[in-house]
Amino acid sequence: MNLSDSLRLHARWSVDLDAAQHARVVADLAVQHVAAGEPFCRKGEDVDAWIGVMAGLVKLSSSLPDGRTMTFTGVPPGGWFGEGSLLKREPRKYEAVALRDSTVARLPRPTFEWLLGTSIPFNRFLLLQLNERLSQFIGLVEYERLLDPDAKLARAIADLFNPILYPGNGPRLEISQAELALLGGVSRQRANQSLRRLEQAGLLAVEYAAIRVLDLDGLRRFGG
DNA sequence: TCATTAAATTGTT
DNA sequence: AACAATTTAATGA
């Protein structure tokens, strides 16, 4: 699969660009492979690019002073992040770690700002994404204090299938139960139990190293 | 194409 | 955390 195909799939915002804009994006994008467990964005670093996940699976988290880490969300292929710090010209506020071998693309700041100034569809995409993230993080605060592991996992999964943040992905996602446990902040055993309950409730289907979502709204509402 | 083996993932304790 | 069972992928006849 060449870069253009990959962009149509995993950079949905690029399909609404005109020829010149698309050409510059293709020319300026830097594709990078990151190994599982590798933190490829660190807290405090200068933000010089907008980052998209082309393949694999990424986790956005913040490490607290006491050494513990708090996971915000998982980012499947098609997800782009970092626009907040890019817009505000501030150091990165969290870190990004690859949960498995992944491919990420970096869109340099000058290109990002050029699109911001020249493409209305690009602005619309960003606005929708920022709005969606806001409600996502409000939900995060809610379920952190719920403490019900089933509900926590349900919300973490629902986030992964957000059609606005990660368009172009179908109802099926290849992800191990160990990876889901990391994202949900629960043990793998607990994740296994929760997945069976969610399957029993008809919200998703558990497959080998994958899950298939059957009722996204049901997952979002689960336990809440 | 089929059988064997290794590696990854799952299910259970 | 450890273990056994299951599934997949890779290898070679």
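Quantities reported herein were computed from a predicted structural model and do not represent experimental measurements. Numbered from 1 within each chain, the chains take letters A, B, ... in sequence-line order.
- Contact annotation: A:Asn192 does not reach the phosphate of B:dT10 (side-chain N/O to OP1 or OP2, under 4.0 Å).
- Evaluation of the salt bridge (charged side-chain N to carboxylate O under 4.0 Å, His left out) rule for A:Arg100 yields A:Glu179 as partners, not counting sequence neighbours.
- If you take CD of A:Gln177 and C1' of B:dT10, they are 6 Å apart, rounded to a whole angstrom.
- Atom pair A:Leu180:CG and B:dG11:P shows a separation of 12 Å (rounding to whole Å applied).
- Ring geometry, A:Phe122 versus A:Trp50: the interplanar angle exceeds 60°, so the pair is classed perpendicular (tilted spans 30 to 60°).
- From A:Tyr166, atom OH reaches atom CG of A:Asp159 across 7.0 Å, with rounding to the nearest 0.5 Å.
- The separation between A:Leu99 atom CG and B:dT9 atom C1' is 16 Å, rounded to whole Å.
- Side-chain N/O atoms of A:Arg188 and base N/O atoms of B:dG11 include a donor-acceptor pair closer than 3.5 Å.
- For the pair A:Leu195 CG and B:dG11 P, the interatomic distance rounds to 8 Å; values are reported in whole Å.
- Between the CZ atom of A:Arg190 and the P atom of B:dT10 there is a distance of 18 Å, rounded to whole Å.
- The separation between A:Glu207 atom CD and C:dT7 atom C1' is 13 Å, rounded to whole Å.
- Atom CD1 of A:Ile175 and atom P of B:dA8 are 17 Å apart (whole Å).
- Taking side-chain N and O atoms only, A:Arg100 has no distance below 4.0 Å to OP1 or OP2 of B:dA8.
- Put simply, CD1 on A:Ile211 is 10 Å from P on B:dT10, counting in whole angstrom units.
- Applying the under-4.5 Å side-chain rule to Ile, Leu, Val, Met, Phe, Trp and Tyr, the cluster around A:Leu214 consists of that residue alone.
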